[in-house]
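Here is the structure we will look at, set down as structure tokens.
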Amino acid sequence: MPYRRTVLTCTEPIALEPLVAWWLGELAPDAEAPIEEHLFACAHCTARLEELAALAAGIRATVREGSVAAGISLPFLETLKRQGMRIREYRVPAGGRVECTLRADDDAVLPRMQAPLAGVKRVDVLQRLEVGAEVSEQRVEDVPFDPAAGEVLFLPSAAWLRKMPAHTMRMRLVAVDEAGERPLGEYTFAHTPG
């Protein structure tokens with residue numbers, strides 16, 4: 001008898017944003033209850049939630065290993081801390097410079113770049129790495145940000161940082177919208193190996 005795959009469907013699937021908010025525990029109790037009821041009754045949405053949880057576990061493992069650089073959200077940072085990650089944080093105002101390092105007992109280092117983010121739709125990070133006379137640049141598009149907190153959290157790869165000699169990383173935040181780009185701030189990180 002041939003294998004027959006059962007396809008789960010839902011006539012009213014939970015949208016991704018409220019599903020993620022429920023999973024992160026960010027919903028008020030009155031918004032949380034209907035989602036829980038739906039999940040108990042709906043195999044399709046429960047399967048989507050399980051896929052989301054597996055993806056999140058993979059992302060956390062990759063971040064914990066220090067093998068990825070990414071903009072992260074404040075709830076994600078708090079999750080990493082609750083799970084025991086030791087994160088060295090540097091809060092830097094626009095135009096600021098900080099001497100930074102990643103010590104052997106640190107799992108990660110996190111620049112918290114302060115910027116005027118009210119009304120901003122998208123933020124890109126432009127990075128300029130200077131190691132001696134060598135210079136390289138790259139752009140990371142559409143990073144998460146918190147307009148209310150007025151900051152962008154950017155987690156560099158700890159594995160990469162541990163291999164690097166002393167260097168300077170300049171990061172520029174730019175707001176991007178239909179009208180083009182506008183600068184939000186520039187930040188200088190003078191890194192010394194730990």
Side-chain angles (χ1 to χ4, degrees), residues 20 24 55-81 83 85-194:
V20 170
L24 291 172
L55 175 63
I59 291 170
R60 277 195 301 276
T62 303
V63 169
R64 185 174 285 284
E65 292 166 6
S67 52
V68 68
I72 64 171
S73 67
L74 188 56
F76 188 70
L77 172 62
E78 295 306 322
T79 298
L80 294 175
K81 287 179 178 179
Q83 293 177 347
M85 276 192 74
R86 296 170 310 252
I87 301 173
R88 181 176 298 277
E89 298 179 39
Y90 294 98
R91 193 174 302 265
V92 186
R97 175 186 171 89
V98 67
E99 303 290 324
C100 55
T101 192
L102 178 65
R103 295 209 168 98
D105 60 342
D106 295 330
D107 293 312
V109 62
L110 179 74
R112 297 181 76 141
M113 296 173 281
Q114 310 297 293
L117 297 169
V120 172
K121 294 180 180 178
R122 181 180 125 188
V123 173
D124 288 2
V125 178
L126 288 74
Q127 298 177 307
R128 178 183 171 93
L129 175 64
E130 301 167 4
V131 183
E134 291 184 37
V135 175
S136 62
E137 296 181 342
Q138 78 172 26
R139 181 181 195 117
V140 181
E141 296 181 348
D142 202 9
V143 298
F145 63 95
D146 183 348
E151 66 181 359
V152 173
L153 310 179
F154 195 84
L155 197 67
S157 163
W160 172 80
L161 267 178
R162 291 189 197 288
K163 296 176 189 173
M164 290 295 293
H167 65 275
T168 300
M169 174 69 78
R170 298 182 201 287
M171 293 191 189
R172 265 191 324 130
L173 300 181
V174 293
V176 180
D177 59 26
E178 305 81 26
E181 296 182 0
R182 67 180 169 84
L184 295 170
E186 186 166 319
Y187 312 82
T188 303
F189 301 92
H191 180 79
T192 305

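- Put simply, the side chain of Val92 does not reach to within 4.5 Å of the side chain of Pro111, judged on heavy atoms.
- Looking at every heavy atom in both residues, Val131 comes nearest to Pro165 through CG1-CG, 3.7 Å.
- Annotation: the span from Arg182 atom CZ to Asp177 atom CG amounts to 7.0 Å, rounded to 0.5 Å.
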Output a table of donor-acceptor pairs, distance under 3.5 Å, between side-chain atoms of residues 183-194 and any protein atom two or more places apart or on a different chain; print 'none' if there are none.
residue: Tyr187; atom: OH; partner: Gln114; partner atom: O; Å: 2.5
residue: Thr188; atom: OG1; partner: Arg170; partner atom: NH1; Å: 3.3

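- Note that OG of Ser73 and CD of Glu78 are 9.5 Å apart. Values are rounded to the nearest 0.5 Å.
- Side-chain contact between Leu153 and Phe76: absent, with no pair of heavy atoms (C-beta onward) separated by less than 4.5 Å.
- The pair Arg139-Asp124 counts as a salt bridge, with a side-chain nitrogen and a carboxylate oxygen less than 4.0 angstrom apart.
- For Lys81 and Glu89, the salt-bridge test passes: some basic side-chain N is under 4.0 Å from an acidic carboxylate O.
- In this structure the side chain of Glu137 never reaches within 4.5 angstrom of the side chain of Leu126, judged on heavy atoms.
- A salt bridge is absent between Asp106 and Arg86: the closest approach of a Lys/Arg side-chain nitrogen to an acidic carboxylate oxygen does not fall below 4.0 angstrom.
- Taking the side chain as every heavy atom from C-beta outward, Met171 and Val152 never approach each other to under 4.5 Å.
- At a threshold of 4.5 Å between non-hydrogen side-chain atoms, the residues Arg112 and Leu77 count as touching.
- Using a 4.5 Å cut-off on side-chain heavy atoms (C-beta onward), Pro147 and Val120 make no contact.
- Between Arg128 and Val135 the shortest side-chain heavy-atom distance falls below 4.5 Å.
- In terms of heavy atoms, Thr101 sits closest to Tyr90 at N-OH, 3.1 Å.
- Between Arg162 and Arg103, the shortest heavy-atom distance links the atoms NH1-O, 3.3 Å.
- Interatomic distance, Leu80 CG to Asp107 CG, rounded to the nearest 0.5 Å: 9.5 Å.
- Taking 4.5 Å as the limit, some side-chain heavy atom of Glu151 sits within range of a side-chain heavy atom of Arg91.
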